[in-house]
2 protein chains.
Amino acid sequence: MADAFTAKGRATRARIVEGAALVLREQGVGFTTLDDIRGRTGTSKSQLFHYFPDGKDELLLAVAQFEADRILENQQPHLGQLDSWESWQRWRDVVVERYETQGDHCPSGALFLHVGRARPGARAIVTELMRQWQAQLARGMRALQAGGLVSADLDVERAAAALLAGLQGGVAILMSTGDSTHLKAAIDTGIEHLRASRGREGPREGEA
Amino acid sequence: MADAFTAKGRATRARIVEGAALVLREQGVGFTTLDDIRGRTGTSKSQLFHYFPDGKDELLLAVAQFEADRILENQQPHLGQLDSWESWQRWRDVVVERYETQGDHCPSGALFLHVGRARPGARAIVTELMRQWQAQLARGMRALQAGGLVSADLDVERAAAALLAGLQGGVAILMSTGDSTHLKAAIDTGIEHLRASRGREGPREGEA
DNA sequence: TGGAAAATGGACCAGCAAGTCCAGAAATTG
DNA sequence: CAATTTCTGGACTTGCTGGTCCATTTTCCA
């Protein structure tokens, strides 16, 4: 917490984390060495261990946290403003576009899929990320309910959990196969599920 | 293809692959050495390279294929017989139960999430696995359509893609956080989506 | 301004893991 | 049954990688 670093120190530390994140996204955790990171960030071995005394594990954890924060940031402001069908659509487009262009090396992949297991610290980071992500989706769904756009009977937490799972799986499949069909299908179907929940009136008008 | 192995050779090779699969599930790709595999399978270094001349990569690929085959097998006969709501429910229970008990070390995780990127060979295996999986889900949905249980208007491929994504994401989250809520929510919601598609009649009776 | 603390450079070390090699045992086959 | 091939054991090599150490420079602050 209380960092005994000077301004210069903090800058260097940040440079290391950001550079490491880049390398990790490209190469994957299993194929990245400290020397790769050293080279990319223009630092020396001693700096790495100066800022991360516990070595690689600590650095990896810092990168995981850094990436986790960025993932939600990258979806703003849309993710925080899901109160109309249009805003949901915008959010959907941002997510799809982002992951499609990032393709293989995206933050969540590197972090979530690889670091996921193993270290308990990483697990905590992922768990917290999922919790916040789902909370924001659920909040958006409640906003729709408040506007009468979605049935008040809808189990919001469950719908949000399902949508989040679909999104994650879509990204995972995109990263493994290069195909974004599943990601789009998952999100669109999830949103349609919300639309359809609204009582018994015909749930079709606005088209994807 | 044409293996120049004797019966004994084939048995040894199979022993290596199966044993390696076990170790890989437990430890993850990044933390498994050839010596671990050697120890577990009771083989020598030269045997490993005798049966997998290209070394670790080739062995890992063989394990990936082995696991991919098992994943679909494990869901049978249910996955091949999805022609009623009851059979869908049975399949759902099998999947949830299997992944819940397997927890961290499940075949698809080790294979899919870790090997996924990197080697192009692994990517092909994953792609083919996803293709087959989705095809079987789609086939089940068409069976429901044929029985009049699901609207003929349903875009079966898209619904199957979405369900598959939800399942994958649910498993990924389960493996990363230890919580199966998302997996259940994703599958159940996916099935409800099918139910709800049937015309305009009230889509609620059987509860999850 | 001068001493302490922080920051940096990079040589060095130790362990480990993939892969090589060859000798010898088991088996296949003509 | 002898020759050839396959199979197995395990010592050895080689390269890499995380981590240590200490000397040097820069920054801080009283």
Side-chain angles (χ1 to χ4, degrees), chain A residues 1-24 26-64 110 114-115 118-119 121-122, chain B residues 1-24 26-64 110 114-115 118-119 121-122:
Chain A
M1 296 299 133
D3 43 348
F5 294 128
T6 67
K8 187 181 184 186
R10 278 192 299 275
T12 302
R13 201 194 123 104
R15 200 177 72 236
I16 292 173
V17 171
E18 285 166 34
L22 238 63
V23 181
L24 284 167
E26 289 171 10
Q27 310 188 349
V29 177
F31 302 86
T32 300
T33 73
L34 288 185
D35 256 22
D36 294 333
I37 295 172
R38 216 181 45 64
R40 179 71 71 98
T41 58
T43 50
S44 69
K45 215 59 172 298
S46 72
Q47 280 173 292
L48 257 40
F49 283 86
H50 181 65
Y51 295 105
F52 305 93
D54 284 346
K56 202 179 187 182
D57 279 357
E58 190 181 354
L59 172 55
L60 251 42
L61 217 57
V63 173
H114 287 254
V115 178
R119 313 293 164 204
Chain B
M1 294 299 136
D3 43 348
F5 295 129
T6 67
K8 187 182 183 185
R10 278 192 299 275
T12 302
R13 201 193 124 104
R15 199 177 73 235
I16 292 173
V17 172
E18 287 166 35
L22 239 63
V23 181
L24 285 168
E26 288 171 11
Q27 310 188 349
V29 177
F31 303 85
T32 301
T33 73
L34 288 185
D35 257 23
D36 293 334
I37 295 171
R38 215 181 47 63
R40 179 71 69 99
T41 58
T43 50
S44 69
K45 216 54 171 302
S46 73
Q47 279 172 293
L48 256 39
F49 282 86
H50 181 66
Y51 293 104
F52 305 94
D54 285 344
K56 201 179 187 182
D57 279 356
E58 190 181 352
L59 172 54
L60 251 42
L61 217 58
V63 173
H114 287 255
V115 178
R119 312 294 163 203

> Would you kindly give the NE2-to-C1' distance between B:His50 and D:dG9, to the nearest whole Å?
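Going from NE2 in B:His50 over to C1' in D:dG9 covers 13 Å.
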> So how far is it from B:Thr33 OG1 to B:Arg38 CZ, rounded to the nearest 0.5 Å?
8.5 Å
> Would you please name every residue forming a side-chain hydrogen bond (donor to acceptor under 3.5 Å, both in side chains) with A:Arg13, sequence neighbours left out?
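Partners of A:Arg13 under the side-chain hydrogen bond (donor to acceptor under 3.5 Å, both in side chains) test: none.
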> In chain order, what residues pass the side-chain contact (heavy atoms from CB on, under 4.5 Å) check against B:Arg40, with sequence neighbours excluded?
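Testing B:Arg40 for side-chain contact (heavy atoms from CB on, under 4.5 Å), a comparison that skips the adjacent residues, returns B:Leu22, B:Val23, B:Glu26.
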> What is the separation between atom CD1 on A:Ile37 and atom P on D:dG19, rounded to the nearest whole Å?
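To the nearest whole Å, that distance equals 11 Å.
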> Where along nucleotides 17-30 of chain C does protein come under 4.0 Å, by heavy atom, of base (B) or sugar-phosphate alone (S), with - for untouched nucleotides?
SBBBB----S----
> Does A:Gln47 make a side-chain N or O approach to OP1 or OP2 of C:dT8 shorter than 4.0 Å?
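Affirmative; the distance criterion is met.
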> Return the value, rounded to whole Å, for the distance between atom CG of A:Leu60 and atom C1' of D:dT17.
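Distance check: A:Leu60 CG to D:dT17 C1' gives 14 Å.
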> Using a 4.0 Å heavy-atom cut-off, does A:Phe52 contact any base of the nucleic acid, only the sugar-phosphate backbone, or nothing at all?
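Touches nothing.
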> Just how far, in rounded Å, is P of D:dG18 from CD of A:Glu58?
15 Å
> List in chain and number order the residues that pass side-chain hydrogen bond (donor to acceptor under 3.5 Å, both in side chains) with B:Thr12, two or more places apart in sequence or in another chain; answer none if no residue qualifies.
none
> Looking at D:dT6, I'd like to know if its phosphate oxygens (OP1 or OP2) sit under 4.0 Å from a side-chain N or O belonging to B:Tyr51.
no
> Listed by chain and number, what are the side-chain contact (heavy atoms from CB on, under 4.5 Å) partners of A:Ser46, not counting sequence neighbours?
A:Ser44
> Return all side-chain donor-acceptor pairs below 3.5 angstrom for residues 48-62 of chain B, not counting sequence neighbours, or 'none' if the list is empty.
{"unit_1": "B:Lys56", "atom_1": "NZ", "unit_2": "B:Thr32", "atom_2": "O", "d": "2.9"}
{"unit_1": "B:Glu58", "atom_1": "OE1", "unit_2": "B:Asp54", "atom_2": "N", "d": "2.8"}

> What residues, two or more places apart in sequence or in another chain, satisfy side-chain hydrogen bond (donor to acceptor under 3.5 Å, both in side chains) together with B:Thr6?
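Listed in chain order: nothing, the list is empty.
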> Any side-chain heavy-atom pair from A:Lys45 and A:Asp35 closer than 4.5 angstrom?
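Yes, at least one pair of side-chain atoms sits under 4.5 Å.
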> Sequence neighbours left out, what passes salt bridge (charged side-chain N to carboxylate O under 4.0 Å, His left out) with B:Asp36? Give chain and number order.
none
> Within residues 11-19 of chain B, find the residues that approach DNA chain C with a heavy atom at under 4.0 Å, and present them sorted by residue number.
none
> Separation of A:Phe31 atom CZ from D:dC16 atom P, in whole Å?
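Taking atom P of D:dC16 as the reference, CZ of A:Phe31 is at 16 Å.
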